[in-house]
Every structure is written in C-alpha cells, then in structure tokens.
Asker: 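Let me begin by handing over the structure; questions about it come next.
Chain letters run A, B, ... following the sequence lines, proteins first and then strands; every chain starts at 1.
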Number of protein chains: 2
Amino acid sequence: MAEQPVAKARRGRPRQAEVARLAGVSQTTVSLVLSGNKQGIALHPDTRARVLEAARQLGYAPDPAARRLAAARNDLLGVFSFTATFPTDVAHSYYPILVGVEQEAVARGYDLVLFTGSSAAPGRGGGGAAELNRVRLADGCLFLGRHVPADPLRRLVEQGYPAVHIGRRDELEGLAWVGADYAAATAEVVRRLAALGHRRMVLVCESDQALASVDRERGFRAALGEGELARASDAGPGPVVRVADPAAEITASWVRARLAEGVTAFVAEETDTCAAWRALVAAVDAAGLTAPADLSLALLGAPPADLAGRTEPTGFDVPKAELGAAAVRTLTALLTEGGADCSPLVPCAFRSGHTAGPPPPAP
Amino acid sequence: MAEQPVAKARRGRPRQAEVARLAGVSQTTVSLVLSGNKQGIALHPDTRARVLEAARQLGYAPDPAARRLAAARNDLLGVFSFTATFPTDVAHSYYPILVGVEQEAVARGYDLVLFTGSSAAPGRGGGGAAELNRVRLADGCLFLGRHVPADPLRRLVEQGYPAVHIGRRDELEGLAWVGADYAAATAEVVRRLAALGHRRMVLVCESDQALASVDRERGFRAALGEGELARASDAGPGPVVRVADPAAEITASWVRARLAEGVTAFVAEETDTCAAWRALVAAVDAAGLTAPADLSLALLGAPPADLAGRTEPTGFDVPKAELGAAAVRTLTALLTEGGADCSPLVPCAFRSGHTAGPPPPAP
DNA sequence: TTGTAAGCGTTATCAG
DNA sequence: CTGATAACGCTTACAA
C-alpha cells in the first residue's frame, strides 16, 4: 500500500487550480485574471467576475515563491539589516526610517519582508553570503546600516539584483544608495552662525571615522572657506578638533582657551553616544558660561533621547522617515524602469534651536 | 524579429545543474550534498568534496524562491496589524512587541513579513476580508491589536491557517492567542497593597470596556475577596469605579471623600490615554496630598511616555517583548507540531515603584 | 476569448 | 551510493 505523500505544510492553502475548478475555467485564465492581465488579453467580463468570486470565496493568495520563480515578481520588498531591525537598545534603532519605508512601500503596493542577519558567527566566510542570499525571495531589497558585509552585497549587485543601501556607501561600485546630505546641512549651519556674526568656530569630532562624520567635516571646511571666514579660520589651531576621549579633553579650561583665541561658536556632531556634544555642554557649564549668551553651540544632528528635555540645540535634523521613503522610491525605480537617476542625497532640515545667537561683544 | 523574452533578473546565476556538470555528478547529488543530506543517504566523501568544490568555484547560491517552492514552505511569518505596523504616533506603538517577535523569529530561522491593514487598495472590495487574505502568503501569521476584523479572521482559522493573536481573543473559537496575565498581575498588586496594611482600596476604570480592562477588574475583585479584605470592601460604595470622563469626575474632593470613607489606596489602569491615572495623580496633587505619605497609588501597567520622568508608579509591567516571543513560539508550534498547548498567559512583573507605602495612621 | 504546455530551480521518491 | 523523474505553484508563449 503506497504511503500518503508527506503532508505538506501548505495543506489548506488554496491554489489557482482550485480557483479554476470552482470557477469552471482553466488555471491559466485564473492567472490572467488575478495578475491584472498585463498582457492586455481580452477576457470576458463574466469569466473575470466568476474567477474573482471564486478566489474570494476560497481566500486565495498567490504563493510568493512560485510567483518569483516563474520570473514574475512578488510585490515584496526586502529590508535587510545585519543587526536586529528592532534592537532592544532603542538608542540607535531604525524605527524612524522604517516608518518612512513602510509608508512609501504601502503607497506603492508592496509588502515588506524583514530579513535579519543572524549576528552569530560573523567570522566565518560563507556565513554572511548565505544570509544575504535569502533576500532574493523579494523583488528587491533595502540594506540598513554600515555593517552589511560588502562582499556578498557586491555579488548580489553584480548579478543584477536590485538593491539600495540606506546610508552612503560608494565603496561598492554600482550599488545604489540614499543618504542624508550631511555636508550641505553642516555648511548651512556654519552659514547661519556666520550670519549671526561668528567669525571663528570650531568643530569637535569624535575619532570614530564614520562616513557621515567625514561628510560633516567636509561641509564644515567648505563653508568655512567662503568669504571672510576663510581668513579668520586661518589663524590659530585648525577649525576641526578630533578627540579620542571627549569627556577628558573637552573641559572648561579647553573652552576658555578657545574663547581666548577668538572662537565664539562650538559645533559637535551627533554620534551613537553623542559623547562630543555631551562633553561640550558639560564643559561650557563647568566654565560657568551660558549659550547663547556667552558663546554659541550647534549640534549636527539630533540630541540623544535623555537630553530631549534640555534646551533644544541649534543644528539640523536628519529626516529619517524621508530617508526611508526615498530609499523605497529609488528601489522601485530600479524595479520598474531599471535606473534611478534622482539624487541619492536627502536634504536635512535646519533646526533653529536655542543654543546659538550673536557672539558677545568683544571685551 | 522575435522580442527577447523579458530579461530575467536571474541573469548569470549558477544553478545546481551547472555545479553538477562541473563536478561530474547528477543534479540530485548536488542537491543532496548542498542541502545537508537530511535524508541520511550515504554519500562518498570524494563526491561530496567535488561537489562542494564545484559549488565554491562557481559561487553557487541556492535560489530561495525555488527552494521554498519545492519545500512547500517559505519560512515566512506574517505580522498583521490593522493600523500601521510602525505608527508615526509612537505612543502606542507595537515596537516593544516587535522586538520580541523579531528575536524569537530569527532564533527559529524565520523571516518576517509585515502587513498593514491600511495596506490594501483603500478602495472597495471585501474590505477587511480581502485584506486579511494577503497574509496567506506567509506560512503563518501573528495578529496585533483588537481591531482585527473577527469574521475574516475566523475564516482563516477555520480553513486551518496558522494564526496567533497577540492579546486575549477568546471570542473566536479555535484561534490561538497569547496575552498578558492582567488578572494575576492585578491581584498581585492588591495583595502587595494589603500586605502594606491597606484594607480599603478603589479601582478607577475608564468606561472603555477592553478585554484587558475586564481582566484587571476580575483580578482586582478576586484579590479583594481574599481574607479580611472581603469584609472591609463590603462597606461603602463598590471598590470599582467606572468613569466616563476621568478628568471631570476624579477631583480633589472626590479623593477626599474616598479617604473619609476609609479608602487608603487608589488604583488605576493603563490605557491608551491613561486618562484615569492622570486624573488620579492630578486630583491627589490638587488635594494637597502626597503619595505614598498620605495615600497609596498604583498603576496597572506602564505610565505614558510623557510621565516617564515623574515618580515611578507602583504597579506592574507588561513584558511586551516576552509577549511577542511567546506569540512566535506558539505560532511555530502550530506550524511544526500542529498544536500548541502551552499556556497563552504571559506573567507580568510587579513593579515596586514609589507611590505605595503603608497607610497613614488613622486620625 | 480560453486552454495547453513548457518551463523557473529545488526537493523528494524510487529504481538502478 | 547515484541518477532519472515527478512534483511544487505560477507565468507566459502559443495553439485552438
């Protein structure tokens, strides 16, 4: 007696064939009706109606794997992050970006598949590759964070898989990406400070050499190079200070020394820890000074959550939701037209805040 | 001139057949070697080595779509919420639950598909029904929030689709669910208050008749029924007050009136707005009283984000991440064994806080 | 206007 | 131990 074939998990899932039987048509017709009949093939309205009714009755939903295998598409967009997409440590979470991704994806009729790279065994060679390969189930994929292993990603891209990286990533030739325009936003902050009357300002960077950090420094230097700021910034030590241990190096006396040199504005960048900004605020406080009365402060990015209650820093906000939405737009452009030519840079919004004002009159 | 068939994204990707040719074996053998040979079929080590080498050389990576199609499962867990999965209004977001869902899903080798109720063509059709059917794309699905339409959900479940509801949902026969054990947690709070010496306490409910609210009231009454609390709570007006407009009804004079009746502890439940708790805190404040010196306060749940800075309320926390993880466990049990018999109730952790203490000595 | 049939890349079943 | 061969559910020429 022949064994019953292994009961597949797919058990109750209705397929096109069953819809076809119920509607009294062929499976092909069901496919035509249900996939929107892109071929422009003429279908009898009654047939169409019967098929739709049958599908509704059976609760039919297409199998994404089969759809994809048959060389069509899934209408699934992948979101891959090497670390957990929803970290327990809410601090540097992708949540705000995902808000934008979801909105834009929904608006365009895509569902989202979350591929979380197992953070386990990052050492092994084949490990990362296999992880990344899963995303092929989706029509295209968004990649989050700069920890996405470059090599497997490159292979994906080389083989023509539609991928968009969120955050600048131009080391990989041919990989599309969207990122915040840190350089322009930083330059804008410098210009605003200059407009307030500041002539000498200093940027405090952490030694972390993230791409975003490089961009900010570039924007900072570029804006300093404009007009009379150029001359002013030539004097004294460089306008950019890179510190390994902000809390130890950025002290009250350090601040006083800079003030004595004629610096009137201090700028720090947002990082995971915001150590530089924290140090700056603490040092100013310790020196018995107040912003914006005695000096001006600006933060290139958003303050950390635990400082949310304090005075809103002058600076800019990265439009994270917009970043996610832009990524989805770029990806869908890749999917449909095959080429996205819109700028990958998303502008940041200047935030007036309350830590910058005109420099105090020279003593 | 015949059009080239639509260029498949599949472009130069190596397949098992090519690996087989290179290794000089059959494609079946390649599949056996590469998929770990779960069948336990004996393979010659040399063959194995040759296949692996060929695969490596070609940079072979299995096509997840094909793999899943053949295996009759796609290792996808759906997450459906009627409202957006990532609400812009972060206040009552599912984030903490998703943290647990993701962790557990990753640990079990599943990927997540996010569906949103709003995702459908917002136009006509079966409305929620058609919407819900889309989840069939995943092997099983988690449902979030009590706004999931009951009827389509019932059909899904009746047809054997593996579904787990997060939050109690026993109106639907056969629907698996996991939920916080509000009754037990509330009873625990009452017991703690009793242990501190409180004999008469009152629960302030909002008129919203959520299941969670019912559970809490049940737990409250049950715990009151124990020991001498029973006698004490028999006197005066009932121990449970249900108010339509907390801000208007829970006033300083209301609090004083209760105190005069011998009530020494006030309990409110967490809701979306936390209106009852806010009203209670405001009323106590307006009466010039302080907790825990003059009376005790307890909050059945977590305080809203904007009150996070204030004194931590005594009460309990719903382990949201654990809830998500439990839901995933239940769902995967449904998927693999076909039956989950673990308790659907997740215990809540008592939170000592600082708003409860011994009742003041009687005047 | 509808049906037939040939794959898509993999897994699973058997007979060698 | 290996290799045909048949699904898996769907799309898409092409035939009727």
Side-chain angles (χ1 to χ4, degrees), chain A residues 2-21 23-51 55 58 60-75 133 136-137 139, chain B residues 2-21 23-48 50-51 55 58 60-75 136-137 139:
Chain A
E3 273 297 81
Q4 201 63 275
V6 176
K8 307 220 169 179
R10 197 153 278 139
R11 237 179 12 186
R13 215 132 55 178
R15 348 168 207 195
Q16 285 191 346
E18 305 178 15
V19 176
R21 212 177 311 137
V25 299
S26 79
Q27 181 259 347
T28 305
T29 306
V30 175
S31 174
L32 277 178
V33 171
L34 262 34
S35 54
N37 189 14
K38 320 272 186 203
Q39 277 64 219
I41 292 176
L43 284 170
H44 195 95
D46 291 357
T47 312
R48 206 182 117 77
R50 250 183 313 143
V51 169
L58 260 44
Y60 170 81
D63 181 332
R67 251 155 95 79
R68 184 123 179 90
L69 183 58
R73 49 137 134 213
N74 252 339
D75 291 345
N133 200 48
R136 300 192 109 108
L137 183 64
D139 288 348
Chain B
E3 274 298 80
Q4 200 63 278
V6 178
K8 309 207 172 182
R10 204 153 279 128
R11 232 166 35 171
R13 242 147 67 71
R15 354 170 194 200
Q16 285 190 346
E18 306 177 17
V19 175
R21 213 175 311 138
V25 300
S26 79
Q27 182 259 349
T28 305
T29 306
V30 175
S31 175
L32 276 178
V33 171
L34 263 33
S35 56
N37 188 14
K38 322 269 187 202
Q39 279 61 224
I41 292 176
L43 285 170
H44 194 96
D46 290 358
T47 312
R48 206 182 119 77
R50 251 184 311 143
V51 169
L58 262 43
Y60 170 82
D63 180 339
R67 191 194 275 272
R68 287 162 185 197
L69 179 56
R73 43 185 265 159
N74 52 33
D75 291 342
R136 299 188 109 112
L137 167 166
D139 284 342

Asker: What is the distance, rounded to the nearest whole Å, between atom CG of Leu69(B) and atom P of dA12(C)?
Answerer: 12 Å

Asker: Take Ala66(B) and Thr47(B), find for each the nucleotide of DNA chain D with the closest heavy atom, and name the residue whose nucleotide sits nearer the 5' end.
Answerer: Thr47(B)

Asker: State whether Glu18(A) and Arg21(A) are salt-bridged, where the test is any N-O pair (Lys NZ or Arg NE/NH1/NH2 against Asp/Glu carboxylate O) under 4.0 Å.
Answerer: no

Asker: Regarding Asp63(B) and Arg136(A), does a basic nitrogen lie under 4.0 Å from an acidic carboxylate oxygen?
Answerer: no

Asker: Measure from CZ on Arg13(B) to P on dG9(C) and round the result to the nearest Å.
Answerer: 8 Å

Asker: Go through dT11(C), dT11(D), dG9(C) for me and flag the one nearest to the Asp63(B) side chain.
Answerer: dG9(C)

Asker: Between atom CZ of Arg68(A) and atom CG of Leu137(A), what is the distance when rounded to the nearest 0.5 Å?
Answerer: 7.5 Å

Asker: Using atom CZ of Arg15(B) as one end and atom P of dG9(C) as the other, report the distance to the nearest whole Å.
Answerer: 4 Å

Asker: Just the rounded figure in Å: distance from C1' of dA12(C) to CZ of Arg68(B).
Answerer: 19 Å

Asker: Check the phosphate of dT2(D) against Ser26(B), side-chain N and O only, distance under 4.0 Å to OP1 or OP2. Yes or no?
Answerer: no

Asker: When you get a sec, tell me which of dT11(D), dC1(D), dG3(D) is the closest nucleotide to the side chain of Val25(B)?
Answerer: dG3(D)

Asker: With Asp75(A), which residues qualify under salt bridge (charged side-chain N to carboxylate O under 4.0 Å, His left out), at least two apart?
Answerer: Arg67(A), Arg73(A)

Asker: Taking N or O atoms only and anything under 3.5 Å, show me the protein contacts with nucleotides 5-7 of chain C, one pair per line.
Answerer:
unit_1 : atom_1 : unit_2   : atom_2 : d
dA5(C) : N6     : Thr28(A) : OG1    : 3.3

Asker: Do Pro64(B) and Asn133(A) have side-chain heavy atoms sitting under 4.5 Å apart?
Answerer: yes

Asker: Could you tell me how far apart Arg21(B) (CZ) and dG9(C) (P) are, to the nearest whole angstrom?
Answerer: 12 Å

Asker: Please report, rounded to the nearest Å, how far the P atom of dC1(D) is from the NE2 atom of His44(B).
Answerer: 8 Å

Asker: Whole-Å distance between dA12(C) C1' and Arg67(B) CZ?
Answerer: 14 Å

Asker: So with a 6.0 Å cut-off around CZ of Arg48(B), is the heavy-atom count from everything else above 12?
Answerer: no

Asker: How about Tyr60(B) and Val30(B): do any of their side-chain heavy atoms sit closer than 4.5 Å?
Answerer: no

Asker: How many whole angstroms separate atom CG of Leu32(A) from atom P of dT4(C)?
Answerer: 14 Å

Asker: Establish, with yes or no, whether the OP1 or OP2 oxygen of dT2(C) is under 4.0 angstrom from a side-chain nitrogen or oxygen of Thr29(A).
Answerer: no

